[in-house]
Amino acid sequence: MLGLLAAHAGATKLELETQTTHLTGLPVGFTVRVLDVPEGELVPIETSIDGRSVDRRTLAAGEHEIVLEQLELSSGGHGLQVTSQGATAEASIRLIPAWLSILPPLVAISLALLTKEVLLSLFLGVFSGALFLNSWQPLTALARTIDHYVAPSVANPDQAAILVFTTLLGGMVGLISKSGGLLGIVDRIRPFATNPRRGQFATWALGVIIFFDDYANVLIVGSTMRPITYRLKISREKLAYIVDSTAAPVASVFPISSWIGFEVGLIAAAFVAVDIPFNAYTTFVASIPYRFYPIFALVLGFTIAVTGRDFGPMLKAERRARKTGKLLADDAVPLAKFDTEILEPPRQAPRRAINALIPILAVIVITIAGMYATGSTGLDRAEFQGTGAWLREVFGNSDSIAALCWASLGGVISAFGLALVQRIFTVREGIGAMVEGFKSVFMALIVLILAWSIGAVCDELHTADFLVGLAQGVISPQWFPVLIFLLSAAVSFATGTAWGTLGILMPLVVPIANGLSISSGLALGTEGYAAVLVGTISSVLAGSVWGDHCSPISDTTILSSTAAGSDHIAHVRTQLPYALSMGFLGMLIGDIPTAYGMSPWISLVIGAVVIVGGVLWLGRRVTNPPQTAVSAGES
């Protein structure tokens, strides 16, 4: 919540803007605008809290950000006052205990895991944050939950575009189901996917192939492989895990994807801020071998698929699916559920894989073309040496969200058009199938909106700042990467966003890593300095993916449950042991030894051996089910 007050006297006018709620122990920031001051003239500005002067400086006309640090203020209300030459601007601020900032995500996550009621848990998480931010007034907090957090989450252009993309892709899935296209793919893959192991490997391979965007990856792979895993009696939890464990890991490490521009841009800005003379893109590439969690997650997914072994809650889910044929538990509430009667193809409809492949390829091609079109605008190709450099720059500057919206619309149009040309269904039947596809993802859209609302609450409560503060005081630069990995995972887990975590932490940790290295005698440009710097950057990138995988309020985790037709909390519970084990393995074998000079390639080889050996030792095979025919309406 922001307060804006203005006052003026004589020639000077002041405007003061600040968030009304702050955390104890953290800096108090505000914006002051100095108006009606002649050009070049400086005026004295004094800031007081509760009548006690805490800051003096001289400022020119314009807008200035002021941050007051090391203030010993107690919880409760305080008066903030800025004065200059008789002009005064005042605002009331309120301080709350810093530990309250982590309660909203903890409330949402804990209740979701305990009650399995995702929507209620998320709403109560948002409400608890609104309660802290609105002086513990429940009615005001309830109103602010809707108008200040939920509504703006829908109004945010990028987030609204994700909702549109998800809805349209759901409509495309409904259309290709009705046209018999998904059953055609089943027929094509059936000769290869003759058992659960091959079916899981096909799912993993498709997830790696669609590397350009994690959202597109999740929804395309999950929707395509759902009917195949149904026939093979692979649990919905397993399908959601394979989809989730390939999407963000492959998109985050591939040199050309929708992630690269965001990642490289953050690295470049951090280098400029502390005058580090390194190239951001080459540093990004150098960090790839150090991203142990995403790479180990891909290796584990591959190993589990080809060996057919599982452990922990996933083993129980797979045994249930094989022995009883129940791909979901009896009390499961899948995030996406299709009306099989509406989506069942007409009796005489051909089962042509092309009716699904063309719309899916349209989504892929239009996405890549859209990213190229938006990324190449205004760039001079002659400035770049080599095609690779040009393409990296194009994809790094692309608008992936807009491209995904165009792609999903293209997928809907092509799916509808193909079926109409072949007279598989009428216009009315096609609209019914498309609307059913829209309806299938409705719950997922609500969960996404509430998850974004939690993120907005965490932003106002400075949850990330509080967590960063807990990590301060690090002495040894060699231990800094692994601590940043843990911190990034904690922030990503609590806020449910990998990209948000990158945006929050990258500008903070790069200067710290630089300062720690130099103060410890690691000169700029030495191997030791580079190992700490690259390790820190890769830890932010890898840790954010790890926390995102473990968090039930993560958008990609939610979309994975949606695409697989899985109960969301069941997906989180079964995936968690796999994700946690890979995270700790990455720290023990990767982050710590490489910070002391060991080659990351040695860590990757050792890690792969440990993963394969661990799965063979701990994992147990599940008896394959007898072959059964897939239901025509299953999708």
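Of all heavy-atom pairs between W204 and G301, the closest is CD1-C, 3.7 Å. Minimum interatomic distance between V363 and M172 (heavy atoms only, all atoms of both residues): CG2-SD, 3.7 Å. Between A297 and P249 the shortest heavy-atom distance is CB-CG, 4.3 Å. The two residues A494 and C458 make their nearest non-hydrogen contact at O-SG, 4.2 Å. In terms of heavy-atom proximity, P593 sits nearest to S603 at CG-OG, 4.3 Å. Nearest heavy atoms, V457 versus G129: CG1-CA, 3.5 Å.
Looking only at side-chain heavy atoms (C-beta outward), N355 and I176 stay at 4.5 Å or farther from each other. Contact of the S538 side chain with the P481 side chain is not registered, since no non-hydrogen atoms from C-beta on lie closer than 4.5 Å. Residues T594 and F292 have side chains in contact (heavy-atom distance under 4.5 Å, counting atoms from C-beta outward). Residues D591 and Y290 fail the side-chain proximity criterion, which asks for heavy atoms closer than 4.5 Å. Using a 4.5 Å heavy-atom threshold, the side chains of I589 and V610 count as touching. Side-chain contact between T167 and V164: absent, with no pair of heavy atoms (C-beta onward) separated by less than 4.5 Å. Side-chain contact between D567 and R236 is absent, with no heavy atoms from C-beta onward closer than 4.5 Å.
Note: I553 CD1 to D548 CG = 10.0 Å, rounded to the nearest 0.5 Å. In this structure, NZ on K238 lies 11.0 Å from OG1 on T229, to the nearest 0.5 angstrom.
Within a 6.0 Å sphere centred on CG of L357, heavy atoms belonging to other residues, nucleotides or ligands number more than 12.
No hydrogens or angles considered: a donor-acceptor pair under 3.5 Å links the side chains of T557 and S554. For the residue pair Y578/D310, the side-chain donor-acceptor check at 3.5 Å is satisfied.
A perpendicular orientation is assigned to the rings of H549 and Y293, their planes being inclined by more than 60° (bins at 30° and 60°).
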Checking side-chain contact (heavy atoms from CB on, under 4.5 Å) for the pair V435/K439: CA distance, chi angles, key distance, verdict?
CA-CA 6 Å; V435 171; K439 289 163 56 179; 4.0 Å; yes

S128 and L103: CA distance, side-chain angles, deciding distance, side-chain contact (heavy atoms from CB on, under 4.5 Å) verdict:
CA-CA 8 Å; S128 65; L103 281 189; 5.6 Å; no

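With ring centers used as reference points, F311 lies 6.0 Å or more from W617.
For the pairing with S235, the side chain to side chain contact (heavy atoms under 4.5 Å, CB included) check across R320, K326, R322 returns one residue only, R320.
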